[in-house]
Protein chains: 2
Amino acid sequence: MPTYKDIRSTLLDRIKSGEWQPGMLLPSEAELAEEFGSTRVTVNRAMQALADDGFVERRRKAGTRVVRRLTRDALIRIRIVRDEIEQSGRRYSYLLIRRGRERPPPGIQAELGIGSKTEALHIVCLHFADGRPFQLENRWINLDVVPQAQSETFETISPNEWLVQKVPYSNAEHVFRAAAADPEEQQQLDLARDEPVFVIERTTWLDDRTVTHVTLSHPAGNFRLVTRD
Amino acid sequence: MPTYKDIRSTLLDRIKSGEWQPGMLLPSEAELAEEFGSTRVTVNRAMQALADDGFVERRRKAGTRVVRRLTRDALIRIRIVRDEIEQSGRRYSYLLIRRGRERPPPGIQAELGIGSKTEALHIVCLHFADGRPFQLENRWINLDVVPQAQSETFETISPNEWLVQKVPYSNAEHVFRAAAADPEEQQQLDLARDEPVFVIERTTWLDDRTVTHVTLSHPAGNFRLVTRD
DNA sequence: GAGTGGTCTAGACCACTCG
DNA sequence: GAGTGGTCTAGACCACTCA
């Protein structure tokens, strides 16, 4: 007696082998239930799993179709920078460079969703791997959302780790880009001449209120972001 | 009467609000079923959805716990380059630069998983947005896996689109990095002086056999990769 | 209107794994 | 051994949406 996972797997094979081509209409749940000698509920569970994974699209009355893939989804797992460094067997260290309340520039104001006269917490710090600069962190924290940040010095704990503890489940948007290094990046990251930076920008929300916006710059020579399905 | 989605949503609120902290043991399915006035099956469906999304971890006998988040997952949707350009309202065009059978350099041999004397199909081409270079594609195709590629000229269809048609459901690994431009990138992408490139490398398999390896270079000034949970 | 998927209940048995 | 999650069946009703 097949489980819904067995059924899912069998159906997926038919899709991957090309037996069921993109755009094709699949048999109804009732028909498949008969074929597999199981219940419609079980087939439904399998088909929903395939739909969750983006292989098929389902509509009532219209039935289930193999998706036409125009995109490829890649999942990136971004670790806390300390973990990332330690996991690779290198020694992690941390240095706070600046910390203060400031009125952010207009672009950051917009990201944080705050008024032009409101101050936010601005932090610049460095993360090292085996004593060499690995990541320059330039962060703005919205004090309307996380007022506790005011009483934290960030001298021993990085804002990265502090925020994960205080605000564990937020949403985020990332932008990845390459850029020529600006003078501060050039100096703090100790870059080779003409070495560009790999930049991750992250904005984090809690229920539509922006918690923080951060720019993470890395020497291009020692940073790559890897993905596997 | 709550649906499993209602239950999922209620439980997720408790996690996000901090009522249920990371590491905490959740009530058993039976207890929650009683609380919500539903069946254990329905609660199970909700909890499995939370587990799929990475919010909780479940083990028989040990129960269900809120996950301690040390990572953040980001989903990147990579479109076919033509779609990406047209979707943004720009005009797409394509130019084949080179195409030929060659013995690939050692690094590519390893990626493709072929012997040192085996030839592969090497293609270099350019994708334009509104007539300006957008992406330089440098691709190796494993002819053991996709022999049909030999009889395709790739003069009117890009290898990108051709492969999606021929091999719709493959697995992939991506590497994102920044780099100083090499001479060919500098010339073909018409880069400003000292402008770095944003590089995506993708390896694609079909059942453990490597189909293709491609390096996609973009002018840093006009390329960003965006993600949203 | 009719066919398809979406979901629930009630009861059951199984599989894992902790103590 | 016992408690927890994993899954199935059988029957039912509902909700959407296509023709």
Side-chain angles (χ1 to χ4, degrees), chain A residues 1-16 19-70 73 168-169, chain B residues 1-16 19-69 73 169:
Chain A
M1 180 186 54
T3 68
Y4 82 88
K5 286 179 179 168
D6 296 333
I7 296 176
R8 190 201 104 102
S9 166
T10 303
L11 299 181
L12 186 52
D13 283 346
R14 292 183 190 170
I15 291 171
K16 286 195 170 171
E19 181 185 340
W20 286 346
Q21 303 248 334
M24 221 186 98
L25 183 65
L26 269 59
S28 73
E29 292 185 352
E31 289 171 286
L32 289 171
E34 193 169 2
E35 175 190 340
F36 288 103
S38 67
T39 321
R40 191 170 76 81
V41 178
T42 303
V43 172
N44 175 279
R45 190 83 180 74
M47 302 271 267
Q48 281 200 19
L50 287 175
D52 281 349
D53 295 340
F55 289 105
V56 300
E57 273 177 353
R58 324 194 69 200
R59 281 209 311 280
R60 286 161 159 141
K61 167 68 180 177
T64 300
R65 288 179 184 279
V66 180
V67 162
R68 294 175 200 276
R69 288 243 165 159
L70 296 172
D73 287 352
Y169 297 102
Chain B
M1 180 186 55
T3 69
Y4 82 90
K5 286 180 178 167
D6 295 334
I7 295 176
R8 188 202 104 102
S9 165
T10 302
L11 300 180
L12 187 53
D13 283 346
R14 291 182 191 171
I15 291 171
K16 286 195 169 171
E19 182 184 340
W20 286 346
Q21 304 248 333
M24 221 186 98
L25 183 64
L26 268 58
S28 74
E29 293 185 350
E31 289 172 287
L32 289 171
E34 192 170 3
E35 176 192 339
F36 287 105
S38 67
T39 320
R40 191 170 77 82
V41 179
T42 304
V43 172
N44 175 277
R45 190 81 179 76
M47 301 269 267
Q48 281 200 18
L50 287 176
D52 281 348
D53 295 341
F55 290 106
V56 300
E57 273 175 353
R58 325 194 70 200
R59 282 209 311 278
R60 286 161 159 141
K61 166 70 180 177
T64 300
R65 289 181 182 277
V66 181
V67 162
R68 295 175 199 274
R69 288 244 165 157
D73 288 352
Y169 296 102

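Chain letters run A, B, ... following the sequence lines, proteins first, then strands; residues in each count from 1. Please read these numbers as outputs of a predicted model, since none were measured by experiment.
Near DNA chain C, meaning a heavy atom under 4.0 Å from it, residues 38-55 of chain B has B:S38, B:T39, B:R40, B:V41, B:T42 in order of number. Across residues 7-14 of chain A, not one residue has a non-hydrogen atom less than 4.0 Å from an atom of DNA chain D.
Here the shortest heavy-atom pairing between A:A46 and A:Y4 reads CB-O, 3.4 Å. Here the closest heavy-atom approach between residue B:P27 and residue B:W20 is recorded as CD-CZ2, 3.9 Å. A pairwise comparison of heavy atoms in A:V67 and A:P22 identifies O-CB, 3.7 Å as the closest pair. In terms of heavy atoms, B:L26 sits closest to B:V66 at CD1-CG2, 3.5 Å.
Of all nucleotides in DNA chain D having an atom under 4.0 Å from a heavy atom of chain B, the first and last in 5' to 3' order are D:dG3 to D:dC8.
Of the two residues near DNA chain D, A:K61 and A:Y4, the one whose nearest nucleotide lies more 5' is A:Y4.
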In a table with atom names and distances, give each donor-acceptor pair under 3.5 Å that connects a side chain of residues 47-54 of chain A to protein atoms at least two apart or in another chain.
{"residue": "A:Q48", "atom": "OE1", "partner": "B:R45", "partner atom": "NH2", "Å": "2.4"}
{"residue": "A:Q48", "atom": "NE2", "partner": "A:N44", "partner atom": "OD1", "Å": "3.1"}
{"residue": "A:D53", "atom": "OD2", "partner": "A:R8", "partner atom": "NH1", "Å": "2.4"}

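Side-chain N or O atoms of B:T10 include one that pairs as donor or acceptor with a backbone N or O of B:D6 at under 3.5 Å. When atom types are taken as modelled, the side chain of B:T39 and the backbone of B:V41 share no donor-acceptor pair closer than 3.5 angstrom.
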Quiz item: Taking only Watson-Crick and G-U wobble pairs with both distances under 3.5 Å, what dot-bracket line describes DNA chain C, where [ ] shows pairs that cross earlier ones and | shows pairs with another strand?
Solution: ||||||||||||||||||.

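Side-chain contact between A:L12 and B:Y169 is absent, with no heavy atoms from C-beta onward closer than 4.5 Å. In this structure, B:I7 and B:L32 have side chains that are not in contact, with every pair of non-hydrogen atoms separated by 4.5 Å or more.
The CZ atom of B:R69 sits 9.0 Å away from atom CD1 of B:I15, with the distance rounded to the nearest 0.5 Å.
Pairs engaging residues 57-68 of chain B under the salt bridge (Lys or Arg N to Asp or Glu O under 4.0 Å) rule: B:E29-B:R58 [sequence neighbours left out].
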